[in-house]
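Just below is one structure, and these are the notes that go with it.
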Amino acid sequence: MEERTINVDLCSTKKEKPKSDQLQFGRVFTDHMFIMDYTDSIGWHDARIVPYQPLTIDPSAMVFHYGQSVFEGLKAYLSPNGEAQLFRPKKNLQRLNRSNDRLCIPPIDEEFGLKAIKKLVAVEEEWIPKAEGTSLYIRPFIISTEPYIGVAPSRSYKFIVILSPVGAYYKEGINPVKIAVENKYVRAVSGGTGEAKTGGNYAASLKAQEMVANSGYAQVMWLDGVERKYIEEVGSMNVFFKINGEVVTPVLNGSILEGVTRNSVIQLLKHWNIPVVERRISMEELAQANKDGLLEEAFGTGTAAVVSPIGQLTWNDEHLFVNNGKTGDVAKRLYDTMTGIQYGKQEDPFGWIEKVKNVCKTT
Ligand SMILES: *Cc1c(COP(=O)(O)O)cnc(C)c1O
(Lines give C-alpha, C1' and ligand atoms only; values in the text may rest on other atoms or scores of the structure.)
Protein backbone atom coordinates (compact mmCIF):
# COMPACT_ATOMS: atom_id res chain seq x y z
CA MET A 1 0.00 0.00 0.00
CA GLU A 2 1.28 3.38 -0.91
CA GLU A 3 1.48 5.70 2.03
CA ARG A 4 -0.46 8.93 1.67
CA THR A 5 0.80 11.08 4.50
CA ILE A 6 3.89 13.23 4.57
CA ASN A 7 5.59 13.58 7.94
CA VAL A 8 7.17 16.95 8.56
CA ASP A 9 10.24 17.38 10.74
CA LEU A 10 11.20 21.07 10.74
CA CYS A 11 14.75 22.14 11.48
CA SER A 12 15.44 24.19 14.57
CA THR A 13 17.82 26.73 13.03
CA LYS A 14 17.44 28.20 9.61
CA LYS A 15 20.22 29.04 7.19
CA GLU A 16 20.91 32.57 6.08
CA LYS A 17 19.36 33.27 2.70
CA PRO A 18 21.53 34.66 -0.09
CA LYS A 19 20.76 38.14 -1.42
CA SER A 20 18.61 38.14 -4.53
CA ASP A 21 21.26 39.86 -6.66
CA GLN A 22 23.99 37.42 -5.64
CA LEU A 23 22.15 34.24 -6.58
CA GLN A 24 23.82 31.79 -8.92
CA PHE A 25 22.47 28.54 -10.27
CA GLY A 26 22.30 25.48 -8.07
CA ARG A 27 24.84 26.23 -5.36
CA VAL A 28 22.63 27.02 -2.39
CA PHE A 29 19.94 24.72 -1.03
CA THR A 30 17.03 25.42 1.29
CA ASP A 31 16.51 24.23 4.87
CA HIS A 32 14.47 21.13 4.09
CA MET A 33 14.10 18.30 1.60
CA PHE A 34 11.50 15.71 0.74
CA ILE A 35 12.43 12.07 0.79
CA MET A 36 10.65 8.73 0.46
CA ASP A 37 11.93 5.19 0.19
CA TYR A 38 11.13 2.22 -1.97
CA THR A 39 11.66 -1.42 -1.26
CA ASP A 40 10.38 -4.32 -3.30
CA SER A 41 8.30 -5.66 -0.44
CA ILE A 42 6.48 -2.44 0.59
CA GLY A 43 6.68 -0.18 -2.45
CA TRP A 44 7.12 3.58 -1.94
CA HIS A 45 6.82 4.46 1.74
CA ASP A 46 7.91 6.70 4.61
CA ALA A 47 7.31 10.01 2.82
CA ARG A 48 8.77 12.84 4.87
CA ILE A 49 10.03 16.39 4.84
CA VAL A 50 13.21 16.61 6.91
CA PRO A 51 16.04 19.10 7.43
CA TYR A 52 18.34 19.25 4.36
CA GLN A 53 21.19 16.89 5.14
CA PRO A 54 23.72 14.50 3.61
CA LEU A 55 22.57 10.97 2.87
CA THR A 56 24.13 7.85 4.29
CA ILE A 57 24.34 5.35 1.47
CA ASP A 58 26.27 2.13 1.15
CA PRO A 59 29.30 2.47 -1.18
CA SER A 60 28.02 -0.56 -3.05
CA ALA A 61 24.69 1.18 -3.76
CA MET A 62 23.88 0.54 -7.39
CA VAL A 63 23.55 4.19 -8.39
CA PHE A 64 27.29 4.74 -7.88
CA HIS A 65 28.24 1.96 -10.28
CA TYR A 66 25.72 1.70 -13.07
CA GLY A 67 23.97 5.04 -13.01
CA GLN A 68 20.40 3.86 -12.50
CA SER A 69 18.90 7.25 -11.70
CA VAL A 70 16.51 9.84 -13.10
CA PHE A 71 15.80 13.49 -12.37
CA GLU A 72 13.52 16.40 -13.16
CA GLY A 73 13.81 20.17 -13.14
CA LEU A 74 11.11 22.78 -12.66
CA LYS A 75 10.67 26.07 -10.86
CA ALA A 76 8.46 27.83 -8.32
CA TYR A 77 7.73 31.48 -9.14
CA LEU A 78 6.35 34.26 -6.97
CA SER A 79 3.35 36.05 -8.48
CA PRO A 80 2.82 39.80 -7.97
CA ASN A 81 0.37 39.11 -5.14
CA GLY A 82 2.97 36.99 -3.37
CA GLU A 83 1.58 33.57 -4.24
CA ALA A 84 3.95 30.72 -5.05
CA GLN A 85 3.12 28.99 -8.31
CA LEU A 86 4.39 26.17 -10.53
CA PHE A 87 4.43 25.90 -14.31
CA ARG A 88 2.88 22.69 -15.73
CA PRO A 89 4.30 20.49 -12.95
CA LYS A 90 2.18 17.49 -13.97
CA LYS A 91 4.19 17.35 -17.19
CA ASN A 92 7.36 16.91 -15.14
CA LEU A 93 5.85 14.10 -13.09
CA GLN A 94 4.60 12.33 -16.19
CA ARG A 95 8.05 12.64 -17.74
CA LEU A 96 9.66 11.39 -14.52
CA ASN A 97 7.60 8.22 -14.82
CA ARG A 98 8.52 7.82 -18.48
CA SER A 99 12.18 8.14 -17.49
CA ASN A 100 11.54 5.65 -14.65
CA ASP A 101 10.10 3.18 -17.09
CA ARG A 102 13.17 3.43 -19.35
CA LEU A 103 15.55 2.98 -16.41
CA CYS A 104 13.58 0.12 -14.80
CA ILE A 105 12.76 2.25 -11.78
CA PRO A 106 9.32 1.68 -10.19
CA PRO A 107 6.84 4.47 -11.00
CA ILE A 108 5.74 6.98 -8.40
CA ASP A 109 2.15 8.11 -7.93
CA GLU A 110 2.16 11.35 -9.94
CA GLU A 111 -0.52 13.03 -7.88
CA PHE A 112 1.31 12.21 -4.67
CA GLY A 113 4.60 13.37 -6.16
CA LEU A 114 3.02 16.72 -7.01
CA LYS A 115 1.54 16.96 -3.52
CA ALA A 116 5.01 16.33 -2.06
CA ILE A 117 6.57 19.05 -4.24
CA LYS A 118 3.85 21.55 -3.34
CA LYS A 119 4.13 20.76 0.34
CA LEU A 120 7.91 21.17 0.32
CA VAL A 121 7.68 24.46 -1.59
CA ALA A 122 5.00 25.64 0.86
CA VAL A 123 7.31 24.84 3.80
CA GLU A 124 10.13 26.74 2.07
CA GLU A 125 8.02 29.57 0.67
CA GLU A 126 10.21 32.30 2.14
CA TRP A 127 13.11 30.87 0.10
CA ILE A 128 11.48 31.89 -3.19
CA PRO A 129 13.52 34.95 -4.18
CA LYS A 130 11.61 38.11 -5.05
CA ALA A 131 13.85 39.97 -7.50
CA GLU A 132 12.91 40.10 -11.18
CA GLY A 133 13.71 36.90 -13.04
CA THR A 134 14.66 34.89 -9.94
CA SER A 135 12.93 31.68 -8.87
CA LEU A 136 13.17 28.60 -6.70
CA TYR A 137 14.54 25.69 -8.71
CA ILE A 138 13.01 22.32 -7.85
CA ARG A 139 15.09 19.19 -8.38
CA PRO A 140 13.24 15.89 -7.89
CA PHE A 141 15.37 12.79 -8.45
CA ILE A 142 15.45 9.07 -7.85
CA ILE A 143 18.52 6.97 -7.08
CA SER A 144 18.97 3.21 -6.83
CA THR A 145 20.23 2.28 -3.37
CA GLU A 146 20.46 -1.50 -3.19
CA PRO A 147 23.93 -2.53 -1.92
CA TYR A 148 24.80 -4.91 -4.74
CA ILE A 149 27.28 -4.59 -7.59
CA GLY A 150 25.59 -7.08 -9.86
CA VAL A 151 24.04 -5.63 -12.99
CA ALA A 152 20.28 -5.72 -12.48
CA PRO A 153 17.53 -3.26 -11.57
CA SER A 154 17.88 -2.24 -7.95
CA ARG A 155 15.33 -3.46 -5.43
CA SER A 156 15.45 -0.28 -3.36
CA TYR A 157 15.35 3.43 -4.23
CA LYS A 158 15.08 6.90 -2.77
CA PHE A 159 12.93 9.64 -4.27
CA ILE A 160 14.24 13.01 -3.12
CA VAL A 161 13.29 16.61 -3.81
CA ILE A 162 15.70 19.45 -3.09
CA LEU A 163 15.21 23.18 -3.71
CA SER A 164 17.64 25.88 -4.74
CA PRO A 165 17.01 29.62 -5.08
CA VAL A 166 18.36 30.69 -8.47
CA GLY A 167 19.20 34.07 -9.96
CA ALA A 168 17.90 35.62 -13.15
CA TYR A 169 19.25 33.76 -16.19
CA TYR A 170 19.55 37.02 -18.11
CA LYS A 171 20.98 39.70 -15.89
CA GLU A 172 21.69 42.17 -18.69
CA GLY A 173 18.85 41.35 -21.07
CA ILE A 174 18.65 38.41 -23.44
CA ASN A 175 21.88 37.95 -25.34
CA PRO A 176 22.28 35.56 -28.27
CA VAL A 177 24.99 32.94 -27.78
CA LYS A 178 27.62 31.28 -29.98
CA ILE A 179 27.10 27.58 -30.63
CA ALA A 180 29.47 24.96 -32.04
CA VAL A 181 27.94 22.15 -34.08
CA GLU A 182 29.36 18.89 -32.72
CA ASN A 183 30.51 16.45 -35.40
CA LYS A 184 32.41 13.89 -33.36
CA TYR A 185 30.60 13.17 -30.13
CA VAL A 186 26.90 12.42 -29.82
CA ARG A 187 24.58 12.87 -26.85
CA ALA A 188 22.23 9.99 -27.48
CA VAL A 189 20.98 7.53 -30.05
CA SER A 190 17.51 6.29 -30.82
CA GLY A 191 16.90 3.19 -28.73
CA GLY A 192 19.24 4.51 -26.05
CA THR A 193 18.29 6.80 -23.17
CA GLY A 194 18.14 10.17 -24.94
CA GLU A 195 14.46 10.68 -24.29
CA ALA A 196 14.84 9.91 -20.58
CA LYS A 197 16.08 12.50 -18.10
CA THR A 198 18.89 10.44 -16.64
CA GLY A 199 22.27 11.47 -15.30
CA GLY A 200 24.21 9.30 -17.74
CA ASN A 201 23.17 11.47 -20.67
CA TYR A 202 24.75 14.44 -18.97
CA ALA A 203 27.93 12.52 -18.13
CA ALA A 204 28.16 11.63 -21.82
CA SER A 205 27.77 15.27 -22.87
CA LEU A 206 30.56 16.79 -20.78
CA LYS A 207 33.48 16.03 -23.09
CA ALA A 208 32.09 17.83 -26.14
CA GLN A 209 30.97 20.76 -24.03
CA GLU A 210 34.38 21.06 -22.39
CA MET A 211 36.19 21.03 -25.73
CA VAL A 212 34.25 23.96 -27.20
CA ALA A 213 33.95 26.03 -24.01
CA ASN A 214 37.61 27.10 -24.31
CA SER A 215 36.93 28.58 -27.74
CA GLY A 216 34.16 30.86 -26.51
CA TYR A 217 31.17 28.72 -27.40
CA ALA A 218 28.30 28.61 -24.94
CA GLN A 219 27.06 25.16 -25.96
CA VAL A 220 27.31 22.48 -28.58
CA MET A 221 24.56 21.61 -31.01
CA TRP A 222 24.06 17.86 -31.14
CA LEU A 223 23.56 15.96 -34.37
CA ASP A 224 21.98 12.54 -34.70
CA GLY A 225 24.06 9.59 -33.55
CA VAL A 226 23.84 7.56 -36.75
CA GLU A 227 24.72 9.92 -39.61
CA ARG A 228 25.83 13.09 -37.76
CA LYS A 229 23.50 14.84 -40.14
CA TYR A 230 20.22 15.76 -38.48
CA ILE A 231 19.90 18.34 -35.73
CA GLU A 232 18.79 17.07 -32.31
CA GLU A 233 19.28 19.52 -29.44
CA VAL A 234 21.46 22.39 -28.31
CA GLY A 235 23.29 21.75 -25.03
CA SER A 236 20.54 20.58 -22.71
CA MET A 237 17.85 22.50 -24.54
CA ASN A 238 15.49 21.76 -27.38
CA VAL A 239 16.11 23.83 -30.48
CA PHE A 240 13.95 25.85 -32.90
CA PHE A 241 14.69 27.60 -36.21
CA LYS A 242 12.62 30.14 -38.06
CA ILE A 243 13.12 29.57 -41.77
CA ASN A 244 11.28 31.71 -44.28
CA GLY A 245 8.45 32.50 -41.88
CA GLU A 246 7.99 28.94 -40.59
CA VAL A 247 9.25 27.69 -37.24
CA VAL A 248 10.90 24.25 -37.40
CA THR A 249 11.93 22.02 -34.50
CA PRO A 250 13.40 18.51 -34.72
CA VAL A 251 10.69 15.88 -34.44
CA LEU A 252 10.86 13.63 -31.35
CA ASN A 253 12.72 10.57 -32.57
CA GLY A 254 13.59 8.65 -29.42
CA SER A 255 16.92 10.36 -28.79
CA ILE A 256 15.57 13.86 -28.14
CA LEU A 257 14.33 14.86 -24.70
CA GLU A 258 10.77 16.15 -24.81
CA GLY A 259 10.96 19.51 -23.05
CA VAL A 260 8.01 21.05 -21.25
CA THR A 261 9.20 24.39 -22.63
CA ARG A 262 9.35 22.90 -26.15
CA ASN A 263 5.77 21.70 -25.84
CA SER A 264 4.62 25.08 -24.49
CA VAL A 265 6.42 27.00 -27.23
CA ILE A 266 4.77 24.88 -29.93
CA GLN A 267 1.35 25.52 -28.34
CA LEU A 268 1.97 29.28 -28.16
CA LEU A 269 3.10 29.48 -31.79
CA LYS A 270 -0.03 27.61 -32.91
CA HIS A 271 -2.14 29.94 -30.76
CA TRP A 272 -0.57 32.92 -32.55
CA ASN A 273 -1.06 31.37 -35.98
CA ILE A 274 2.67 31.28 -36.59
CA PRO A 275 3.40 28.19 -38.73
CA VAL A 276 5.30 25.58 -36.72
CA VAL A 277 6.36 22.09 -37.79
CA GLU A 278 8.08 19.20 -36.09
CA ARG A 279 10.24 17.40 -38.62
CA ARG A 280 13.71 16.13 -39.34
CA ILE A 281 16.06 18.94 -40.25
CA SER A 282 19.65 18.46 -41.39
CA MET A 283 22.58 20.75 -40.73
CA GLU A 284 23.04 20.92 -44.49
CA GLU A 285 19.52 22.26 -44.95
CA LEU A 286 20.10 24.83 -42.23
CA ALA A 287 23.37 26.03 -43.78
CA GLN A 288 21.67 26.30 -47.17
CA ALA A 289 18.75 28.27 -45.69
CA ASN A 290 21.29 30.60 -44.16
CA LYS A 291 23.10 31.04 -47.51
CA ASP A 292 19.76 31.78 -49.15
CA GLY A 293 19.03 34.41 -46.53
CA LEU A 294 16.04 32.46 -45.19
CA LEU A 295 17.32 31.56 -41.71
CA GLU A 296 15.58 34.23 -39.65
CA GLU A 297 15.94 32.99 -36.09
CA ALA A 298 17.46 30.20 -34.02
CA PHE A 299 16.89 29.58 -30.33
CA GLY A 300 17.04 26.92 -27.63
CA THR A 301 14.29 26.26 -25.08
CA GLY A 302 14.41 24.86 -21.55
CA THR A 303 13.26 25.55 -18.01
CA ALA A 304 16.46 27.36 -16.95
CA ALA A 305 16.72 29.94 -19.75
CA VAL A 306 13.14 29.64 -21.10
CA VAL A 307 14.35 30.86 -24.50
CA SER A 308 18.02 31.21 -25.45
CA PRO A 309 18.61 32.92 -28.81
CA ILE A 310 21.47 31.69 -30.98
CA GLY A 311 23.45 34.42 -32.75
CA GLN A 312 26.10 32.27 -34.39
CA LEU A 313 26.52 28.61 -35.32
CA THR A 314 29.88 27.18 -36.29
CA TRP A 315 29.81 24.03 -38.41
CA ASN A 316 33.23 22.80 -39.45
CA ASP A 317 34.72 25.93 -41.05
CA GLU A 318 31.39 27.55 -41.80
CA HIS A 319 29.99 30.33 -39.65
CA LEU A 320 26.27 30.88 -39.76
CA PHE A 321 25.35 34.32 -38.45
CA VAL A 322 21.70 34.47 -37.46
CA ASN A 323 19.67 37.69 -37.42
CA ASN A 324 22.85 39.82 -37.21
CA GLY A 325 23.56 38.35 -33.79
CA LYS A 326 20.40 39.92 -32.38
CA THR A 327 17.42 38.36 -30.59
CA GLY A 328 14.60 37.66 -33.04
CA ASP A 329 11.01 38.85 -32.65
CA VAL A 330 9.56 35.38 -32.20
CA ALA A 331 12.14 34.41 -29.57
CA LYS A 332 11.49 37.68 -27.71
CA ARG A 333 7.72 37.29 -27.85
CA LEU A 334 7.95 33.69 -26.63
CA TYR A 335 10.26 34.69 -23.79
CA ASP A 336 8.02 37.58 -22.69
CA THR A 337 4.85 35.50 -22.85
CA MET A 338 6.29 32.42 -21.13
CA THR A 339 7.81 34.42 -18.29
CA GLY A 340 4.70 36.59 -18.10
CA ILE A 341 2.60 33.49 -17.47
CA GLN A 342 5.13 31.86 -15.16
CA TYR A 343 5.38 34.93 -12.92
CA GLY A 344 1.62 35.51 -12.98
CA LYS A 345 1.95 38.88 -14.72
CA GLN A 346 0.01 37.76 -17.72
CA GLU A 347 -3.17 35.82 -18.35
CA ASP A 348 -2.79 32.02 -18.44
CA PRO A 349 -5.09 30.98 -21.29
CA PHE A 350 -3.93 27.35 -21.25
CA GLY A 351 -4.28 26.59 -17.53
CA TRP A 352 -0.55 26.03 -17.18
CA ILE A 353 -0.20 27.52 -13.71
CA GLU A 354 -0.66 25.51 -10.48
CA LYS A 355 -0.83 27.41 -7.23
CA VAL A 356 1.28 25.88 -4.48
CA LYS A 357 -1.19 26.66 -1.73
CA ASN A 358 -3.93 24.19 -2.67
CA VAL A 359 -1.73 21.51 -1.16
CA CYS A 360 -4.67 19.76 0.47
CA LYS A 361 -6.87 19.68 -2.58
CA THR A 362 -7.51 16.05 -3.41
CA THR A 363 -8.41 16.24 -7.08
C1 LIG B 1 15.55 18.95 -19.37
C2 LIG B 1 16.06 18.95 -20.76
C3 LIG B 1 15.50 19.77 -21.77
C4 LIG B 1 14.48 20.84 -21.51
O5 LIG B 1 13.32 20.38 -20.92
P6 LIG B 1 12.34 21.43 -20.18
O7 LIG B 1 11.27 20.54 -19.67
O8 LIG B 1 11.88 22.37 -21.20
O9 LIG B 1 13.14 22.08 -19.11
C10 LIG B 1 15.98 19.61 -23.06
N11 LIG B 1 16.96 18.74 -23.36
C12 LIG B 1 17.53 17.96 -22.41
C13 LIG B 1 18.61 17.02 -22.80
C14 LIG B 1 17.11 18.03 -21.09
O15 LIG B 1 17.67 17.27 -20.16
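Whatever order the structure lists ligands and atoms in, that order sets their numbers, starting from 1. Positions are given from 1 along the sequence.
In this view, Lys207 satisfies the salt bridge (Lys or Arg N to Asp or Glu O under 4.0 Å) rule with no residue, not counting sequence neighbours. Partners of Glu233 according to the salt bridge (Lys or Arg N to Asp or Glu O under 4.0 Å) rule, which considers only residues two or more places apart in sequence or in another chain, are Arg187.
Under 4.0 Å from any atom of ligand 1, one finds heavy atoms of residues Arg95, Arg187, Lys197, Tyr202, Glu233, Ser236, Met237, Asn238, Leu257, Gly259, Val260, Thr261, Gly302, Thr303.
The pair Arg98-Glu195 does not meet the salt-bridge criterion, since no charged nitrogen lies less than 4.0 angstrom from a carboxylate oxygen. Using a cut-off of 4.0 Å between Lys/Arg side-chain N and Asp/Glu carboxylate O, Arg228 and Asp224 are scored as not salt-bridged.
Legend: ring pair (Phe, Tyr, Trp, His ring centres under 6.0 Å) pairs involving residues 223-249, not counting sequence neighbours, sorted by first then second residue: Phe240-Phe299.
When all heavy atoms are compared, the tightest approach of Pro147 to Asp58 is CB-CG, 3.7 Å.
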